[in-house]
Structure formats: structure tokens, C-alpha cells
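Report on the structure given below.
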Amino acid sequence: MAVQKPSIPKGTRDFSPAEMLKRNYIFGTIKKHFIRFGYQPIETPAMENLSTLMGKYGEEGDKLLFKILNSGDFLSKVSDAELNEKNSPKITTSISEKGLRYDLTVPFARFVVQHQNEINFPFKRYQIQPVWRADRPQKGRYREFFQCDADVIGNNALLNEVELVQLIDAIFSDFDVQIVMKLNNRKILSGIAEIIGQADKIIDITVAIDKLDKIGLENVNKELLEKGLPQKAIDQLQPILLLSGNTAEKLASLKNVLASSEIGLKGVDEMLEIIQYLRLFELKNEVELDLTLARGLNYYTGTIFEVKAKDVQIGSVCGGGRYDDLTGIFGLKDVSGVGISFGADRIFDVLNELNAYPKQQTENTKVFFVNFGKAEEAFCLPILAQIRKLGVNAEIYPEATKMKKQMKYADDKKIPIVVIVGEEELKKSVLTVKNMESGEQKELAIADFLHSIQ
RNA sequence: GUGAUUGUAGCUCAGUUGGUUAGAGCGCCGGAUUGUGGUUCCGGAGGUCGCGGGUUCGAGCCCCGUCUUUCACCCCA
């Protein structure tokens with residue numbers, strides 16, 4: 001076979017040991033806080049039945065699903081007529097019945113329905129796994145990336161939302177990254193659509209006003225007009241989009257504006273309750289009501305969250321919301337859930353840009369033994385075993401090659417302590433211990449050395 | 001899916017209007033130093049110029065296609 005140039009698919013990445021150390025720090029930190037808030041781990045398969053995934057993420061989402069070709073002679077079930085039509089979406093259902101998961105929330109809803117009799121509600125689960133999306137990669141967007149999800153399902157109380165805010169605050173404080181937590185409520189957005197008489201256009205409206213920050217009011221209005229909203233409705237929308245003041249003031253004005261919309265008022269009340277709760281404790285980061293926050297996923301029905309890093313431009317690093325009926329489609333009615341998803345890969349990019357990793361790397365090798373030959377090995381191996389038993393990371397070079405090469409190996413791996421045992425040390429039954437940072441070295445008795453590294 | 005952009009040594013990049021044998025820095029390997037890394041000095045290996053086609057006496061350079069990189073749009077962690 002001809003030699004082929006090695007490569008990986010577009011939008012995917014390899015991670016080196018140095019990068020994995022950083023990523024494990026991110027996953028470890030997030031996981032630690034998930035557990036502290038009472039979440040329990042689950043995992044689901046990388047692939048789901050396509051029927052589970054299709055139609056959950058809107059029209060765009062369906063296009064961005066990676067589909068898996070059926071095994072075997074997958075074309076045998078497709079008629080010549082269908083093939084000649086060349087209608088890809090139509091044929092997809094005949095040749096593919098599995099797809100890679102697009103997020104962790106929909107598989108979780110499926111999991112909950114499938115295991116409803118074993119689950120103790122309210123069920124707080126966390127899940128840290130990769131997801132796949134077939135869009136074009138660009139800054140902060142990959143085709144394979146990790147999400148770290150925490151969801152509470154089977155409970156309506158707004159305290160769940162409040163705890164998620166605390167969780168977000170705790171995690172980013174731990175990372176030492178400044179963020180803004182933006183909150184909104186789909187019911188408020190529905191109320192707004194209702195009072196301008198465009199309830200059926202809710203998705204177009206939210207998608208357009210989501211861009212207010214980015215493209216400005218004029219362009220948002222232009223887009224709304226293109227989507228078929230009457231000018232009168234757009235005019236009615238203006239004062240709402242331009243609401244100013246702090247969160248409490250905005251909510252007070254909204255209460256007036258949405259007076260005739262039952263659902264809108266409900267949304268305002270929910271936000272008010274959350275704000276009340278948030279007065280009970282201190283947060284390190286700011287929380288604000290952002291009426292332009294819409295979030296694309298259309299299964300959200302209540303509170304929606306989005307978190308942006310203050311010092312790095314990279315889109316949102318965490319997002320989520322409440323979904324009242326995601327399990328309904330799988331046959332379990334009236335189970336509401338709320339959850340958030342941390343974008344580990346974006347957090348990775350943010351921490352890289354800010355160079356915000358802790359200096360202490362606990363996963364690295366701490367003690368390295370230079371290998372001088374069989375007799376020295378026999379002397380060192382029991383000591384090495386004891387060091388490991390003490391919980392200290394340690395290794396020995398696998399063969400007696402040139403010392404220069406072994407020292408360079410230790411230096412490259414940034415191992416802080418090198419133990420040298422050659423003929424002389426062997427005679428005296430001692431260790432020469434070198435501090436790689438200072439360059440100092442001294443002779444130590446075995447017991448003294450073991451004591452010093454504890 | 002739309003519009004741009006990128007590709008030359010392991011990495012970062014030079015390479016003249018198309019003209020002999022494609023260069024540098026870093027890294028790698030060896031030596032100076034048969035028991036000492038990170039600094040120094042000397043030497044060496046490493047390239048089908050992303051891939052395929054075309055124009056030309058001649059292509060790393062021009063044209064077409066394709067893949068890849070990065071960015072924006074759509075959408076989104």
C-alpha cells in the first residue's frame with residue numbers, strides 16, 4: 001500500500017500530553033463543583049438513533065447532524081426512482097438510522113424516559129462527553145468538542161435555576177476567569193411576540209433580536225421585515241428592545257408592557273423570584289437580565305442562561321435553560337428540567353489566551369531514576385516501588401543508555417528530582433539526589449530521601 | 001450551505017518578472033564531555049514545494065479542479 005499522509009478530519013484535533021494536562025485540569029475543576037452541588041454522573045453512547053436526534057434542534061440542527069451510514073448493502077433498500085431523484089434529505093432516512101450526538105441534553109431526555117422507573121426524582125445528573133456538529137470550523141468552533149452538562153430534571157422550582165447560577169459562579173471563580181452571566185426567559189420573549197400580535201413568529205423574532213449586540217438595531221429591524229413581520233409590529237417592538245436601567249427597573253417596565261400577556265407576566269414573575277433568591281448570597285460575578293438573549297435551541301421554555309468571558313472574545317463559554325417538555329416526545333409527560341452546558345474547548349481557549357493555568361501540575365512525574373545497568377536497577381527498583389506506594393509519581397529510564405540522554409529526557413519532561421545511583425552510590429548504599437531547578441545535588445540515605453519527598 | 005483566505009523540512013517562515021542543485025531560525029541526531037539536563041562550540045540527517053490535471057522549452061511561482069487552514073455569514077459551546 002502506498003504511504004499516505006496522516007491527517008484527521010476537518011474541525012477535529014489531537015491533544016498532546018501538555019495540552020491534556022491542561023484539559024484534565026478543566027474537566028477536573030468542573031467535575032469537582034458538579035459533585036459538590038449534588039450531581040451524579042452518567043454517560044450515553046456517542047451515537048444515537050437518528051429518530052432520537054432529528055427535529056430537536058430546529059431545521060439548521062438537522063443539517064448539522066453527523067449521520068452514520070447503515071452497515072452492509074445500504075443501497076439495496078433504495079429504489080432506482082429515489083436514487084435518480086438525488087434528494088439527499090429524503091434518501092437519508094433510508095440509508096442512515098444512526099447519528100452522532102449533537103448535544104448532551106437530548107440524549108439525557110431519552111435516558112430519563114428510558115430509565116424512568118429506576119430514577120429518583122428530582123434527578124441531578126452531570127455528563128462530560130464529546131459532541132459532534134457538522135458546521136464549518138472557525139474561531140472557537142469545532143466539529144468535535146466536549147460539553148460538560150449539569151441538569152436537574154423532574155422539578156419545577158426556580159431554586160434549581162438559582163443553584164445553577166451559583167454553580168456557574170463557583171466554577172469560573174475557580175478558573176479565575178471574569179464572566180458575565182446573562183439571564184432571560186422564553187416566556188418573556190413569547191409574551192413580547194404575543195402583544196405585538198406575532199406569536200407564531202417567535203423563533204424568527206428571537207433569532208433576530210439575539211443579534212442586536214452584533215449587528216445593531218437597524219439591521220435587526222431589517223431582518224424582521226424580511227422575515228415577514230408587519231412594520232406595525234416592528235414599531236411596537238422598539239420600546240421593548242430599548243428598555244434601559246438595571247435588572248429590577250427593566251422587569252418593572254416589562255410588567256407594564258406585558259400586562260395583557262399571561263405568559264409574559266409569568267416570565268417576569270419567574271425572573272423576579274430568581275432575583276429575590278440571588279440577594280441571599282454573594283456572587284463573584286455579575287448577573288444581568290438581557291432581553292436580547294434568545295438561544296437557538298428551540299426546546300427551551302423558561303429561564304435561559306448564557307455566560308460570556310469578559311476578557312476574551314470567543315462567544316459563549318456556557319449556556320443552558322429550562323425545558324418543560326423535552327421528555328414528552330419520548331412519551332413521558334409533565335417532566336420539567338433545567339440545565340447548563342459548559343463548553344470545555346472554549347474554556348480551554350480562554351485559559352490559554354489568559355495563560356490562567358495553575359503552576360502546580362500534580363499529574364507530572366516528580367522523581368526520575370537514571371539507569372546505569374542491571375546491578376543499579378536491582379538496587380533502585382525496590383526504592384522506586386516504595387516511592388510510588390507513598391503516592392509520589394516516579395519513573396526509571398528503561399535502559400542504561402548515555403547519561404546525557406537520560407538527563408535530557410528528565411529535563412524535557414520537567415521532572416523536578418533526579419536520582420542518580422551508579423557504581424559509587426551502590427557501594428555506599430546511598431542516593432545522589434539532584435534538584436533539576438537549582439542544579440544542586442547531594443548524597444542522601446534511602447530513608448532520608450523517602451522522608452524528604454513525602 | 002454561501003463568501004473570502006491559507007498550504008514550501010518535525011515547527012515558524014523566506015524564496016526576485018516563471019530560469020541551473022529550494023533556503024533560514026528553532027527542533028532533532030552525533031561529537032567536544034566513556035557519571036550530569038537547561039547555556040556554548042563543531043558536524044549531520046531531513047523536502048514527490050498539500051494532491052491531481054493544464055499552460056510553457058522550463059512551474060514552488062501562472063490557470064483549473066480537489067483537499068486542508070484560518071476568518072466572516074447562516075447557526076452555535
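Within every chain, numbering begins at 1; the chains are lettered A, B, ... in the order of the sequence lines, protein sequences first and strands thereafter. These values consider heavy atoms only, across backbone and side chains, with no hydrogens, waters or symmetry-generated copies.
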With a cut-off of under 6.0 Å to the ring centre and 45° to the axis, is A:Arg133 in cation-pi contact with A:Phe145?
-> no
- Message: So that I can tick it off, tell me whether A:Glu288 and A:Lys250 are bridged by a salt bridge, with the cut-off set at under 4.0 angstrom between side-chain N and carboxylate O.
- Response: no
Rounded to whole Å, the NZ-C1' distance (A:Lys408 to B:U39) equals 13 Å
* Asked: Base, sugar-phosphate, or nothing: which does A:Glu425 touch, judged by heavy atoms less than 4.0 Å apart?
  -> base
Practice item. Would you state whether a donor and an acceptor, one from the side chain of A:Lys10 and one from the base of B:U68, lie under 3.5 Å apart? Key: no
Exercise. Please evaluate the base of B:C74 for a donor-acceptor partner in the side chain of A:Arg136 within a cut-off of under 3.5 Å?
Key: no
Please tabulate, one pair per line, each protein N/O and nucleotide N/O from nucleotides 31-33 of chain B that are separated by under 3.5 Å, including the distance.
residue	atom	partner	partner atom	Å
B:G31	OP1	A:Lys402	NZ	2.6
B:G31	OP2	A:Lys402	NZ	3.1

Check: A:His115 ring centre within less than 6.0 Å of A:Phe111 ring centre: yes
Q.
With a 4.0 Å cut-off on N to O distance, would you call A:Lys434 and A:Glu440 a salt bridge?
A. no
NA contact type, A:Gly422, heavy-atom cut-off 4.0 Å: base, sugar-phosphate, or nothing?
base
Residues A:Glu48 and A:Arg110 bridged, charged N to O under 4.0 Å: yes
Nearest-Å distance once atom C1' is located in both B:U21 and B:G47 | 13 Å
Pairing string of RNA chain B (Watson-Crick or G-U wobble, both atom distances under 3.5 Å; | = paired to other strand) is ((((..(..((((.....[...)))).(((((.......))))).....(((((..]....))))))..))))....
- If you measure from the P atom in B:G15 to the same atom in B:U55, how many Å do you get, rounded? 29 Å
*asked:* Once you apply a heavy-atom cut-off of 4.0 Å, does A:Gln147 come out as touching a base, just sugar-phosphate, or nothing?
replied: sugar-phosphate
| query | Quick one: the side chain of A:Glu60 and the base of B:G1, do they pair up donor-acceptor inside 3.5 Å? | reply | no
